[in-house]
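One structure is given here, and the rest of the page talks about it.
So that the names make sense, note that chain A is the first sequence line, chain B the second, and so on, each numbered from 1.
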Number of protein chains: 2
Amino acid sequence: MARPTMEDVAARAGVSRALVSLVMRGSPKVSAARRTAVLEAAAELGYSPHAMARSLASRTSHVLGVMVSDLHNPFWAEVVDGLDGHARAAGFELVINTGGRSPSREQQALRSLTSFRPAGIALLGPVVASSAITAAADVPLVLVSRSSRLSIVDTVNDDGRAGSALAVDHLVALGHREIVHIDGGSGSQAAPRRAGYQVAMARHGLTPRVARGEYTEAAGAAAVRSLRSPFTAVLAANDLNAVGVLSALAEAGLRVPEDVSVVGYDNTWLAGLRHIGLTTIDQPREEMGRLAATALISRVRGERTAAARLVVQPTLVVRATTGPPRTQ
Amino acid sequence: MARPTMEDVAARAGVSRALVSLVMRGSPKVSAARRTAVLEAAAELGYSPHAMARSLASRTSHVLGVMVSDLHNPFWAEVVDGLDGHARAAGFELVINTGGRSPSREQQALRSLTSFRPAGIALLGPVVASSAITAAADVPLVLVSRSSRLSIVDTVNDDGRAGSALAVDHLVALGHREIVHIDGGSGSQAAPRRAGYQVAMARHGLTPRVARGEYTEAAGAAAVRSLRSPFTAVLAANDLNAVGVLSALAEAGLRVPEDVSVVGYDNTWLAGLRHIGLTTIDQPREEMGRLAATALISRVRGERTAAARLVVQPTLVVRATTGPPRTQ
DNA sequence: CTGAAAGCGCTAACAG
DNA sequence: CTGTTAGCGCTTTCAG
């Protein structure tokens with residue numbers, strides 16, 4: 001009942017174990033006849049190679065580790081799609097982990113991932129300390145939605161400053177002046193989005209107002225409830241956060257966009273739902289996943305040693321939650 | 001630059017490799033002095049044990065493989081939460097994979113998972129053929145949201161027939177008679193939900209009408225558009241599907257619930273959003289994850305050999321998408 | 001193409 | 001408590 005090993009397959013096919021190894025790795029130096037014999041024997045036995053033994057012996061791995069900070073945010077599912085497609089095409093497999101938006105759990109997840117000695121690791125929206133990242137960095141590492149100064153890691157980010165500016169410009173063009181930003185707190189990429197907002201507001205001669213938030217629905221709702229002085233528009237931390245904002249506004253009896261305009265960030269499928277119809281800043285999610293996979297794989301193959309700083313451009317998607325402010 | 005091994009730690013601490021092994025596994029038969037010496041040496045070297053070598057040598061594993069059929073459905077994220085919490089508490093780590101709702105990709109994912117020789121595997125909403133499941137079943141297996149007759153696998157399901165009946169009874173009590181069901185096609189658990197709907201309709205003396213669907217938003221919208229004859233209520237395949245239904249109804253100029261009532265299934269956070277306010281059938285998602293972890297771990301420990309058939313009870317959650325039909 | 005031999009990093013006895 | 005001796009399942013030489 002124990003799983004068959006290469007030895008078993010070799011015995012059954014009447015060949016040497018070395019030959020089975022060659023066949024399993026798809027070597028061209030095997031005659032067609034023997035190859036089929038081996039494959040048949042393997043199929044009959046239900047043999048499948050032991051990935052760990054293989055990577056232990058070969059000191060290589062075809063596994064890419066992926067740490068997803070928050071499985072509940074649809075944004076990451078779409079990034080993983082891009083990663084998965086590209087990795088698979090290049091002959092790599094994904095092993096996914098989750099960090100639950102908590103630094104300590106992320107650190108555990110990272111350790112767990114490295115214990116598999118993957119060829120490379122992608123961290124999607126990590127909040128863990130940069131020192132913890134360095135400690136794990138004896139394999140190629142790529143950070144998505146988090147910047148880094150470390151030359152040993154690659155990064156894939158949208159231009160968060162530009163994205164926020166896009167939102168502010170859109171709102172100002174509609175006539176808004178009282179624009180609040182609910183930020184992502186210490187979440188990944190919250191800082192550039194915040195900075196972009198502040199700079200854009202200043203450029204328009206407006207006073208920035210930042211409310212502390214987080215990348216969750218609950219935080220968006222809470223932030224709105226805590227806001228005292230009046231405002232006519234809010235730039236939320238991300239789509240999830242924006243949905244919380246919408247709920248809190250509705251609760252308060254405020255209409256969107258007549259009383260308050262709302263802009264999200266990410267353009268996940270959530271924003272596109274007809275009943276949400278959220279104006280938002282689009283990040284090319286699948287492409288970001290693809291870029292991350294490409295960066296990782298090129299490092300793994302030793303094709304590049306300099307750090308890659310991949311930046312994608314966000315774009316504005318106007319839907320139903322933004323409009324001109326009410327004239328007083 | 002190569003990763004330090006146990007040998008390196010032993011050398012640095014001035015002890016034998018066996019002692020380091022004992023310390024790493026937390027054995028009590030090591031003096032406090034030597035233990036700290038070893039741990040210090042390990043910390044200085046940045047040593048972390050090689051999970052694969054360990055499991056290769058010990059023929060055991062503390063890894064649980066998880067195949068998620070669809071990362072885009074928030075339902076699974078919540079099940080994974082339950083699984084993760086319980087597994088972690090029991091000293092197991094999760095390795096996640098995704099199948100993209102395609103049988104062939106699921107099979108690949110399953111193969112990839114088994115290549116790590118995990119202690120057990122959880123399949124969340126698999127659509128892959130049952131034969132492919134058996135082939136992988138030389139480790140304990142648990143299926144979530146999919147039934148099975150195989151005695152070697154455990155299952156965790158809600159009572160889908162009861163869930164559908166709950167929805168139908170609710171709609172009938174409101175006065176509906178033209179109730180359409182958009183089903184989950186060949187998706188996991190679509191059959192019992194469909195059967196429950198049909199039985200409940202018959203019990204009320206009503207004619208069942210099933211439209212072919214899938215567990216996606218797009219399928220829900222498409223199904224509504226394809227419906228010819230009139231109806232006053234729809235029971236969707238799941239929440240995602242229901243959201244598509246809501247969109248298509250809005251497009252067609254139909255109001256919810258005045259013109260048409262809509263019931264979802266799952267009660268993911270999506271249903272609870274104020275702007276959706278979907279009446280739905282709740283499945284205890286985290287608990288399902290917890291039960292799956294418990295089942296898997298008890299099998300892994302050899303505490304049970306009989307198949308577990310764990311069934312949880314769905315409940316009705318009434319929100320804003322259901323109401324009495326318009327009186328003609 | 002084969003067979004033998006060494007070794008990946010670790011655990012599991014077992015005799016000191 | 002220690003050091004030794006065997007492997008786990010596989011890849012990698014290297015000499016046939």
ask   = Who pairs with Glu287(A) by side chain to side chain contact (heavy atoms under 4.5 Å, CB included), at least two apart in sequence or on another chain?
value = Pro284(A), Arg290(A), Leu291(A), Val312(A)

ask   = Between the side chains of Gln189(A) and Ser145(A), is a donor N or O closer than 3.5 angstrom to an acceptor N or O?
value = no

inquiry  = Salt bridge or not between Asp154(A) and Arg309(A)? Use side-chain N to carboxylate O under 4.0 Å.
reply    = no

query = Is any side-chain N of the basic residue among Glu214(A) and Arg101(A) closer than 4.0 Å to the acidic one's carboxylate O?
reply = yes

inquiry  = Strictly under 4.0 angstrom, non-hydrogen atoms only: write out the protein contact profile of nucleotides 6-16 of chain D, one letter per nucleotide from the 5' end, B, S or -.
reply    = BBBBBBB----

inquiry  = Are His50(A) and Met6(A) packed together at the side-chain level, in the sense that at least one heavy-atom pair is separated by less than 4.5 angstrom?
reply    = no

